[in-house]
Amino acid sequence: QQHWNATDACCAFGTDAPDDAAYLMAIIQQVSVEYNVDPKAIFLAGHSNGGFMSYRMACQHAETIAGVASLAGATFADTADCTPSEPVSVLQVHGTSDATIAYDGGSIAGVDYPSAQQTVESWVTYNGCDAMPTITADALDLDGGIDGAESAAEAFSGCEQDSGVELWTIDGGSHIPAVTADFSAEVVDFLLAHPKP
């Protein structure tokens with residue numbers, strides 16, 4: 001059962017429910033002891049179930065996690081299940097043609113998960129951002145399998161503690177996009193621009 005026990009929707013199936021948040025915190029703590037880690041710049045990134053897990057970590061360990069990037073993941077559907085103690089920067093990247101984790105939300109084994117837009121809106125509320133996003137003038141080329149710059153970026157400003165919330169929508173993107181060489185650099189740039197204050 002190679003899944004993270006992330007949100008209620010995804011994806012520790014069966015009766016075994018390991019505390020993966022505690023496991024990841026133990027890794028962060030061990031690495032921080034052995035290496036020169038900036039405590040204000042601890043970030044997580046994940047795809048699909050890994051994206052769900054990144055959100056769980058942001059919800060439960062906001063005092064440690066500066067930011068998360070989720071590709072084709074989602075946060076908790078019920079906002080009461082996520083009570084971050086302080087802002088965490090969030091980047092949600094999602095394809096509109098994702099047939100596994102739907103861009104518009106859905107359910108897994110009868111448990112709902114929110115849409116990409118709802119995921120971002122939840123974190124806009126948690127982080128105290130302005131409700132209306134700014135759509136960047138230039139589209140991003142994140143999926144090499146789609147001609148041209150196919151991705152629209154929405155950024156929310158006014159977030160507390162200089163945190164950031166953005167939604168990058170890959171128009172026509174699938175669950176596993178053919179990411180371009182720029183994809184990782186763009187994600188890392190977003191995260192590094194949003195350390196803890």
Side-chain angles (χ1 to χ4, degrees), residues 4 6-10 20-22 24-25 28-29 32 37-47 50-94 96 101-106 111-140 142 151-170 186-197:
W4 294 111
T7 74
D8 50 352
C10 183
D20 284 331
L24 289 176
M25 281 302 298
I28 291 170
Q29 290 162 2
S32 296
V37 173
D38 182 351
K40 295 182 178 181
I42 296 175
F43 307 105
L44 295 176
H47 171 248
F52 283 85
M53 190 66 216
S54 295
Y55 281 120
R56 178 182 173 191
M57 292 294 289
C59 293
Q60 294 185 354
H61 296 286
E63 74 288 346
T64 299
I65 307 303
V68 300
S70 164
L71 171 61
T75 194
F76 289 90
D78 186 346
T79 56
D81 290 334
C82 180
T83 55
S85 58
E86 59 186 79
V88 176
S89 294
V90 163
L91 171 60
Q92 174 69 22
V93 186
H94 214 134
T96 59
I101 303 297
Y103 182 87
D104 292 327
V111 182
D112 292 340
Y113 61 86
S115 69
Q117 190 70 51
Q118 289 168 329
T119 289
V120 167
E121 288 172 357
S122 292
W123 282 93
V124 164
T125 299
Y126 299 145
N127 291 356
C129 311
D130 297 336
M132 293 300 294
T134 299
I135 299 176
T136 60
D138 297 325
L140 301 172
L142 303 178
S151 299
E154 298 176 55
F156 294 83
S157 59
C159 305
E160 296 173 4
Q161 297 184 15
D162 292 326
S163 59
V165 176
E166 295 191 17
L167 171 61
W168 297 356
T169 299
I170 305 175
E186 295 278 1
V187 170
V188 169
D189 285 348
F190 169 84
L191 294 173
L192 293 180
H194 296 94
K196 290 287 190 189

Student: Walk me through it: do Tyr55 and Gln60 pass the test side-chain hydrogen bond (donor to acceptor under 3.5 Å, both in side chains)?
Tutor: CA-CA 9 Å; Tyr55 281 120; Gln60 294 185 354; over 6 Å; no

Student: For Ser115 and Asp104: C-alpha separation, side-chain torsions, deciding distance, then whether side-chain hydrogen bond (donor to acceptor under 3.5 Å, both in side chains) applies.
Tutor: CA-CA 4 Å; Ser115 69; Asp104 292 327; 5.8 Å; no

Student: If you measure from CG on Asp78 to CG on Asp112, what distance do you get to the nearest 0.5 Å?
Tutor: 10.5 Å

Student: Drop me the distance from Ile42's CD1 to Leu191's CG, to the nearest 0.5 angstrom.
Tutor: 12.5 Å

Student: Is a side-chain donor or acceptor of Asp130 paired with a backbone partner of Met132 at a separation under 3.5 angstrom?
Tutor: no

Student: Indicate the atoms forming the closest heavy-atom contact of Ala74 with Thr7, along with that distance.
Tutor: O-CG2, 4.1 Å

Student: Stepwise, does the side chain to side chain contact (heavy atoms under 4.5 Å, CB included) test hold for Ile170 with His94?
Tutor: CA-CA 6 Å; Ile170 305 175; His94 214 134; over 6 Å; no

Student: Return yes if some donor-acceptor pair links the side-chain N/O of Glu121 with the main-chain N/O of Gln118 below 3.5 Å, else return no.
Tutor: no

Student: Taking the side chain as every heavy atom from C-beta outward, state whether Gln92 and Glu166 have any atom pair closer than 4.5 Å.
Tutor: no

Student: If you take all heavy atoms of Phe156 and Gln117, which pair is closest and at what distance?
Tutor: CZ-NE2, 4.4 Å

Student: Check the pair Asp20, Met53 against side chain to side chain contact (heavy atoms under 4.5 Å, CB included), reporting the backbone distance first and the verdict last.
Tutor: CA-CA 8 Å; Asp20 284 331; Met53 190 66 216; 3.8 Å; yes

Student: Which heavy-atom pair separates Trp168 from Ala153 by the least distance, and what is that distance?
Tutor: CD1-CB, 3.5 Å

Student: Taking atom CZ of Phe43 and atom OG of Ser54, what is their separation to the nearest 0.5 Å?
Tutor: 12.5 Å

Student: Give the minimum heavy-atom separation between Ala69 and Val187, together with the two atoms involved.
Tutor: CB-CG1, 3.6 Å

Student: Taking NZ, NE, NH1 and NH2 as the nitrogens, is one of them in Glu86 or Lys196 under 4.0 Å from a carboxylate oxygen of the other?
Tutor: yes

Student: Strictly distance-based, threshold 3.5 Å: is any side-chain N or O of Ser89 a donor or acceptor partner for the main-chain N or O of Gly164?
Tutor: yes

Student: CG/Leu91 to CG/Leu71 distance, rounded to the nearest 0.5 angstrom?
Tutor: 9.5 Å

Student: Run the numbers on Ile28 and Ile65 for side chain to side chain contact (heavy atoms under 4.5 Å, CB included), then give the verdict.
Tutor: CA-CA 10 Å; Ile28 291 170; Ile65 307 303; 3.9 Å; yes

Student: Just how far is it from atom CD of Glu154 to atom OG1 of Thr169, taken to the nearest 0.5 Å?
Tutor: 5.5 Å

Student: Roughly how far apart are His194 NE2 and Cys159 SG, rounded to 0.5 Å?
Tutor: 7.5 Å

Student: Do you know which two heavy atoms are closest between Thr119 and Thr75, and how far apart they sit?
Tutor: OG1-N, 3.4 Å

Student: Please answer whether the main-chain N or O of Thr79 pairs with a side-chain N or O of Tyr126 as donor and acceptor at a distance below 3.5 Å.
Tutor: yes

Student: Under a 3.5 Å distance rule, please check whether Glu186 uses its side chain to pair with a backbone N or O of Leu140 as donor and acceptor.
Tutor: no

Student: Can you tell me if Asp162 has over 12 outside heavy atoms packed within less than 6.0 Å of its CG?
Tutor: no

Student: Measure from the side-chain N and O atoms of Asn127 to the backbone N and O of Cys129, and report whether any donor-acceptor pair falls under 3.5 Å.
Tutor: no

Student: Please check if the side chain of Tyr113 supplies one atom and the backbone of Ala102 the other of a donor-acceptor pair under 3.5 Å.
Tutor: yes

Student: Can you see which heavy atom on Gly51 is nearest to which on Ser70, and at what distance?
Tutor: CA-OG, 3.5 Å

